[in-house]
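Written out below as C-alpha cells is the structure these notes cover.
Source: prediction; values computed, not measured. Start at 1 and go down the list; that is how both ligands and their atoms are numbered. Counting begins at 1 with the first residue of the sequence. All values below come from the heavy atoms of this structure, side chains included, with hydrogens, waters and symmetry mates left out.
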Amino acid sequence: MAVLVIADHDGSAVRDTTHKTVTAALALSSDVDVLVLGKGAQAVADAAAKISGVRKVLLAEGDAVAHGLAEAVEATVLPLAGNYDAILTPANTDGKNFAPRIAAKLDVAPISDIVEVVSGDTFVRPIYAGNALETIQSADAKKVITVRPTAFAAAPNNESEGGSASVESVAAGEAPKTAFVSEEMVKSDRPELGAAKIVVSGGRALGSAEEFHAVMDPLADKLGAAVGASRAAVDAGYAPNDYQVGQTGKVVAPALYIAIGISGAIQHLAGMKDSKIIVAINKDADAPIFQVADYGWVADYKTAVPELMAALG
Ligand code: FAD
C-alpha cells in the first residue's frame, strides 16, 4: 500500500499539519510520499523531504498551483492517483475544499476529519460536533482522507539521522475555468491559531470590538499566545472571522486554552475540548465551560484578567 500526503505549507515552510498528516499516513503504510504544490516551493519540498518516514517528495510548481485552487490541485493529483492506495491531506480549509473534489473524480467516498487509523480501511472520526465518535470501514479501493491534525503527533524531522528523501518534479495541473483574483492575508506577529501552544479566547461577554482587543491582545502578548473567539463574539463583530474556534471555526488543541466570558456551548467545545489544559473565566458558576475546564475561575473578567496579568508579571 502506498500513500500520498498533499502538503500544507505557507510558501516557504511546511506547516506542522503536514507533519501530523504524515504520522497518520505512516499508520497506513511505510511507503509515504508527499506532494508539494506551489510556485517557488523548492524550499518547502526540501523541508518536506526531511520529515521522518517520507519516502520521496513530489514537487509540482507553476502559476496554476500557486494559490491552492481546488481545480488545479485536482488536475495535479489525478494523474498521480494511480500510484497510490490512499491520498491524505489535513482537514483544513484547503483540504476540505479539494479532497471531496478529488474523491468525486475518483468515484470514491471522501473520508473526512479522521482522528484515528484503526487499519488500512477503518478509521475513527468525530460526528455531531464531536459528541460521538464514528468508526467507519471503507470498501473503496482508493481512499481520499482528510486528517484532523490535532489528533496526531507531528512526525519529527530526520536530520539527526542525516538523511532526507529525494525530491522529484511532477507536472502541475491547470485550472482552465478558474482564475485566481486576489487574496487578503492577515498579518500578525502572534502565533497561528491552529498551531499555537497557548490560545486565549474571548466570548460575547467582552461586549465590543474595542473591549475585546483591549482585554485579549495584551494577555495574548504576555503569554505569547494566539487569540481565538467564540462564534458569538465573531458574529457580533468583536473579533475577525479567522479567530473563530469551534465546530464551524478552527479546531485547536493547544497545551493551554484560556476561555474568557465564553459559556461553553457544544459547538464551541467541539473546537477546543482536546486542549491539554483548559482554564475558564466566567462569572456564572453554572456555565457549561466549567464542565470541561481543568481550572475554573468564577469571576467577572474585568477584575480577573487584570489580576491574571499582574500575577504573570
Ligand atoms: P454566550 O453563550 O452568550 O456566553 C457568554 C458567557 O459570558 C456567559 O457564560 C456569561 O456567564 C459570561 N459572562 C458574561 N459577562 C461576563 C463577565 N463580565 N465576566 C465573565 N464572564 C461573563 N460557537 C462557537 O464558539 N464556535 C463555533 O464554531 C460555533 N458553531 C456553531 C454552529 C452551529 C450550527 C450553531 C447552531 C452554533 C454554533 N456556535 C458556535 C454558537 C454556539 O452555539 C454559541 O451560541 C456560542 O458559542 C456562544 O458564544 P459565547 O459563549 O461567547 O456567548
Selected option - heavy-atom contact closest to atom 6 (C) of ligand 1, from Ala236, Ala205, Gly261: Gly261
Flag side-chain contact, heavy atom, 4.5 Å: Thr76 against Val65: yes
For Asp300, the ligand 1 atoms whose distance to one of its heavy atoms is below 4.0 Å: 17 (C), 18 (N), 19 (N)
Salt bridge Glu74-Lys105, side-chain N to carboxylate O under 4.0 Å: yes
Ligand-residue contact atoms, ligand 1 with Gly203, heavy atoms, under 4.0 Å: 52 (O)
NZ/Lys39: more than 12 non-hydrogen atoms of other groups inside 6.0 Å: no
Short side-chain donor-acceptor distance under 3.5 Å, Asp16 and Thr18: no
Option with minimal heavy-atom separation from atom 46 (C) of ligand 1, where the choices are Ala270, Gly271, Ala265: Ala265
Closest protein heavy atom (residue, atom, distance) for atom 21 (N) of ligand 1: Lys283 N, 3.2 Å
Distance-only side-chain donor-acceptor flag, Ser208 / Tyr238, under 3.5 Å: no
Distance-minimising heavy-atom pair for Val234 and Pro240: CG2-O, 3.6 Å
Atoms in ligand 1 with a heavy atom of Ser230 nearer than 4.0 Å: 25 (O), 49 (O), 50 (P), 52 (O)
Gln244 side chain to Gly228 backbone, donor-acceptor under 3.5 Å: no
Distance filter under 4.0 Å to Thr248 heavy atoms, resulting ligand 1 atoms: 27 (C), 28 (O), 29 (C), 30 (N), 31 (C), 32 (C)
Taking atom 11 (O) of ligand 1 as the reference point, the nearest protein heavy atom with its distance: Asn282 OD1, 2.7 Å
side-chain contact (heavy atoms from CB on, under 4.5 Å) partners of Asn131, counting only residues at least two apart: Tyr128, Ala129, Ile266
Top protein contact for atom 43 (O) of ligand 1, by heavy-atom distance: Gln267 OE1, 2.7 Å
Proximal ligand 1 atoms for Gly249, defined as those under 4.0 Å from one of its heavy atoms: 28 (O)
Candidate with minimal heavy-atom separation from atom 31 (C) of ligand 1, of Lys250, Arg231, Gln247: Arg231
Option passing side-chain hydrogen bond (donor to acceptor under 3.5 Å, both in side chains) with Asp113 (candidates Arg148, Arg125, Lys96): Arg148
Donor-acceptor contact below 3.5 Å, side chain His67 vs main chain Leu69: no
Residue, atom name and distance, where the atom is the protein heavy atom closest to atom 19 (N) of ligand 1: Tyr301 N, 2.9 Å
Where ligand 1 meets Ala299 - atom numbers and elements under 4.0 angstrom, heavy-atom basis: 19 (N), 20 (C)
Of the listed options Glu211, Arg204, Gln244, closest to atom 27 (C) of ligand 1 (non-hydrogen atoms): Gln244
Residue pair Ile277, Tyr295: steps toward the side-chain contact (heavy atoms from CB on, under 4.5 Å) verdict: CA-CA 8 Å; Ile277 293 177; Tyr295 299 93; 3.8 Å; yes
Atoms in ligand 1 flagged as close to Ala232, the criterion being non-hydrogen separation under 4.0 Å: 48 (C), 49 (O), 50 (P), 52 (O), 53 (O)
For atom 51 (O) of ligand 1, the protein heavy atom that lies nearest, with its residue and separation: Ser263 N, 2.7 Å
Residue part near ligand 1, for Val245, under 4.0 Å between non-hydrogen atoms: backbone
